[in-house]
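This report refers to the structure that appears directly beneath it.
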Amino acid sequence: LDRQRRFVGDAAHELRTPLALMRGELDLALSRPRTVEEYRAALHEVLGDVERLTALSGALLALARSDAGRMVVEAAPLDLAE
């Protein structure tokens, strides 16, 4: 139960960070009129955060599927020298 609580807390923190960055970038972009280039730069920053959230949610979904026994994990040899 303690491990689950830590995991949920860690996951929440990992989700909050990119959301806070997105919020800050959007608030800044909307705080005054900007040039097209400035808006484009802000959107690229937000896109990077969205990509991070997408990857994180995919990883969380994979963990949930694995825990539910709905994901088959196959062991394979790995050459660590590579």
Side-chain angles (χ1 to χ4, degrees):
L1 192 57
D2 285 338
R3 275 185 24 206
Q4 271 186 324
R5 285 188 185 127
R6 276 194 311 273
F7 176 78
V8 169
D10 291 346
H13 176 74
E14 288 297 318
L15 291 169
R16 286 183 65 167
T17 300
L19 288 170
L21 292 171
M22 290 168 60
R23 177 65 188 254
E25 189 68 40
L26 293 171
D27 284 344
L28 183 62
L30 295 172
S31 66
R32 65 174 175 79
R34 307 277 175 177
T35 66
V36 171
E37 293 80 20
E38 289 172 319
Y39 284 125
R40 188 177 306 276
L43 290 173
H44 278 287
E45 289 291 325
V46 173
L47 180 60
D49 294 327
V50 168
E51 289 169 350
R52 180 176 172 197
L53 284 171
T54 301
L56 182 57
S57 63
L60 289 171
L61 182 58
L63 280 172
R65 286 179 178 159
S66 176
D67 284 348
R70 294 183 3 215
M71 177 185 276
V72 177
V73 179
E74 295 182 26
L78 176 66
D79 184 0
L80 295 178
E82 290 180 17

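Among residue pairs with one or both ends in residues 47-57, those qualifying as side-chain hydrogen bond (donor to acceptor under 3.5 Å, both in side chains) are Glu14-Arg52; sequence neighbours excluded.
Tracing side-chain contacts under 4.5 Å through hydrophobic residues (I, L, V, M, F, W, Y), one reaches Leu53 starting from Val46; they form part of the same cluster. Residues Leu56 and Val50 are members of one and the same hydrophobic cluster, defined by side-chain heavy-atom contacts under 4.5 angstrom among Ile, Leu, Val, Met, Phe, Trp and Tyr. Leu15 and Met22 fall within the same hydrophobic cluster, where Ile, Leu, Val, Met, Phe, Trp and Tyr residues are linked whenever their side-chain heavy atoms come under 4.5 Å apart, directly or through other members. Under a hydrophobic clustering in which Ile, Leu, Val, Met, Phe, Trp and Tyr are joined whenever their side-chain heavy atoms come within less than 4.5 Å, directly or via other members, Leu61 and Phe7 fall into different clusters.
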Residues Arg23, Leu19; criterion side chain to side chain contact (heavy atoms under 4.5 Å, CB included); working and verdict: CA-CA 6 Å; Arg23 177 65 188 254; Leu19 288 170; over 6 Å; no
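Residues Leu28 and Glu38 have side chains not in contact (no heavy-atom distance under 4.5 Å, counting atoms from C-beta outward).
The 12-atom threshold is not exceeded at CZ of Arg16, counting heavy atoms of other residues, nucleotides or ligands nearer than 6.0 Å.
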